[in-house]
Amino acid sequence: MVGFKNRYMVVEVILDPNRELVRKDPVIITSYNVTKAIRDSILVNFGECGLASSLGSFQVKHVNDITRLCIIRASRDEYQRVWAATTMVRSIADCPVLFNLLDLSGSIKACKETALKCDESKFEQHKLVVGSNLSAQDTQKMQYYLDKIKGLEH
């Protein structure tokens with residue numbers, strides 16, 4: 001029996017740098033928010049038929065709201081449509097965003113390695129920006145996210 005072929009995308013969510021910093025973060029990046037934004041983009045740009053064909057294996061496997069890193073799974077036949085729709089997303093919950101593809105791989109193992117490297121380096125940058133205001137809760141939360149990436153399966 002042949003296994004189902006997937007592609008895994010490591011994607012960075014970039015909040016609009018031109019926004020005014022009234023609050024810490026204008027939107028909390030969640031799996032639900034990212035999934036809804038990408039599905040809506042597929043529907044708008046590729047229609048109902050494109051959405052239906054893309055939903056077969058489309059899933060947001062992981063979202064880190066500290067580093068804003070996401071892992072998205074799509075079928076090998078439809079990953080280009082999901083990738084295109086992802087780059088066309090302009091807002092999540094009325095907050096302007098951009099998606100930046102960091103890595104595209106054919107296995108979850110390769111994707112996990114890249115995501116771990118990116119998450120660790122982005123968290124180091126976050127620690128430098130926050131400085132002494134970094135709480136123990138943020139450190140624990142980040143460790144939880146790193147453990148969650150290590151435990152990812154198909």
Going from [atom1] on [X] to [atom2] on [Y], what distance comes out if it is rounded to the nearest 0.5 angstrom?
{"X": "Thr67", "Y": "Glu124", "atom1": "OG1", "atom2": "CD", "answer": "12.0 Å"}
{"X": "Phe46", "Y": "Glu78", "atom1": "CZ", "atom2": "CD", "answer": "9.5 Å"}
{"X": "Gln80", "Y": "Ser54", "atom1": "CD", "atom2": "OG", "answer": "11.0 Å"}
{"X": "Asp119", "Y": "Arg68", "atom1": "CG", "atom2": "CZ", "answer": "12.0 Å"}
{"X": "Gln143", "Y": "Lys148", "atom1": "CD", "atom2": "NZ", "answer": "14.0 Å"}
{"X": "Asn64", "Y": "Ile29", "atom1": "CG", "atom2": "CD1", "answer": "11.0 Å"}

Review point. Taking only residues two or more places apart in sequence or in another chain, which ones pass salt bridge (charged side-chain N to carboxylate O under 4.0 Å, His left out) with Asp77?
Key: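 For Asp77 there are no salt bridge (charged side-chain N to carboxylate O under 4.0 Å, His left out) partners, ignoring immediate neighbours.
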Review point. Does the Asn45 side chain pair with the main chain of Ser41, one donor and one acceptor, at a distance under 3.5 Å?
Key: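 Side chain of Asn45 to backbone of Ser41, a donor-acceptor pair under 3.5 Å: yes, one is there.
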Please tell me if the side chains of [X] and [Y] come closer than 4.5 Å, counting only heavy atoms from C-beta onward.
{"X": "Thr86", "Y": "Leu101", "result": "no"}
{"X": "Val13", "Y": "Cys70", "result": "yes"}
{"X": "Glu48", "Y": "Leu43", "result": "yes"}
{"X": "Leu51", "Y": "Arg39", "result": "yes"}
{"X": "Asp40", "Y": "Ile38", "result": "no"}
{"X": "Val97", "Y": "Val89", "result": "yes"}
{"X": "Leu116", "Y": "Leu146", "result": "yes"}
{"X": "Arg90", "Y": "Leu98", "result": "yes"}

Which heavy atom of [X] sits nearest to which heavy atom of [Y], and what is that distance?
{"X": "Cys111", "Y": "Val10", "value": "SG-CG2, 3.5 Å"}
{"X": "Lys61", "Y": "Leu152", "value": "O-CD2, 4.0 Å"}
{"X": "Arg7", "Y": "Gly106", "value": "NH1-CA, 3.5 Å"}
{"X": "Leu104", "Y": "Trp83", "value": "CD2-CZ3, 4.1 Å"}
{"X": "Ala74", "Y": "Ser57", "value": "C-OG, 3.2 Å"}
{"X": "Cys118", "Y": "Leu69", "value": "CB-CD2, 3.7 Å"}

Check your understanding: Will you find, in the side chains of Tyr79 and Asn6, an N or O donor that is under 3.5 Å from an N or O acceptor?
Key ->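 No donor-acceptor contact under 3.5 Å links the two side chains.
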Check your understanding: Arg81 and Ser53: side-chain donor and acceptor closer than 3.5 Å?
Key ->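 Distance-only check passes for Arg81 and Ser53.
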Review point. What pairs meet the salt bridge (Lys or Arg N to Asp or Glu O under 4.0 Å) rule with one or both residues in residues 101-118, with sequence neighbours excluded?
Key: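 For residues 101-118: none.
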Review point. Can you get from Phe123 to Tyr144 by hopping between Ile, Leu, Val, Met, Phe, Trp and Tyr side chains that sit under 4.5 Å apart?
Key: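 Per the 4.5 Å side-chain linkage, Phe123 and Tyr144 are co-clustered.
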**Study point:** Within 45° cone of Tyr8 ring axis and under 6.0 Å: Arg73 NZ or CZ
**Key:**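 Judged by the rule (NZ or CZ under 6.0 Å from the ring centre, within 45° of its axis), Arg73 is not positioned above Tyr8.
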Point to revise | Pair Val63-Thr30, side-chain contact (heavy atoms from CB on, under 4.5 Å): steps then yes or no | key: CA-CA 6 Å; Val63 174; Thr30 64; 5.7 Å; no
**Study point:** Set of residues satisfying side-chain contact (heavy atoms from CB on, under 4.5 Å) with respect to Ser91, sequence neighbours excluded
**Key:**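 Testing Ser91 for side-chain contact (heavy atoms from CB on, under 4.5 Å), a comparison that skips the adjacent residues, returns none.
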Practice item. Take Tyr145 and Asp65 through the test side-chain contact (heavy atoms from CB on, under 4.5 Å) and record every step on the way to the result. Key: CA-CA 9 Å; Tyr145 285 132; Asp65 65 343; 2.8 Å; yes
Check your understanding: Below 4.0 angstrom, N of the basic side chain to O of the carboxylate: do Glu12 and Lys122 qualify?
Key ->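 Answer for the salt bridge query: yes.
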Check your understanding: Does the distance from a Lys or Arg side-chain N to an Asp or Glu carboxylate O, for Asp138 and Lys127, drop under 4.0 Å?
Key ->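 No, Asp138 and Lys127 are not salt-bridged.
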Point to revise | Stepwise side-chain contact (heavy atoms from CB on, under 4.5 Å) check, Thr114 with Leu102 | key: CA-CA 9 Å; Thr114 303; Leu102 300 175; 5.5 Å; no
Exercise for review: Could you go through the side-chain contact (heavy atoms from CB on, under 4.5 Å) check for Met9 and Ile71 one step at a time?
Suggested key: CA-CA 6 Å; Met9 295 175 262; Ile71 297 175; over 6 Å; no
Review point. Do other residues, nucleotides or ligands put more than 12 heavy atoms under 6.0 Å from Asp94 CG?
Key: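 Not buried by this count: 12 neighbours or fewer within 6.0 Å.
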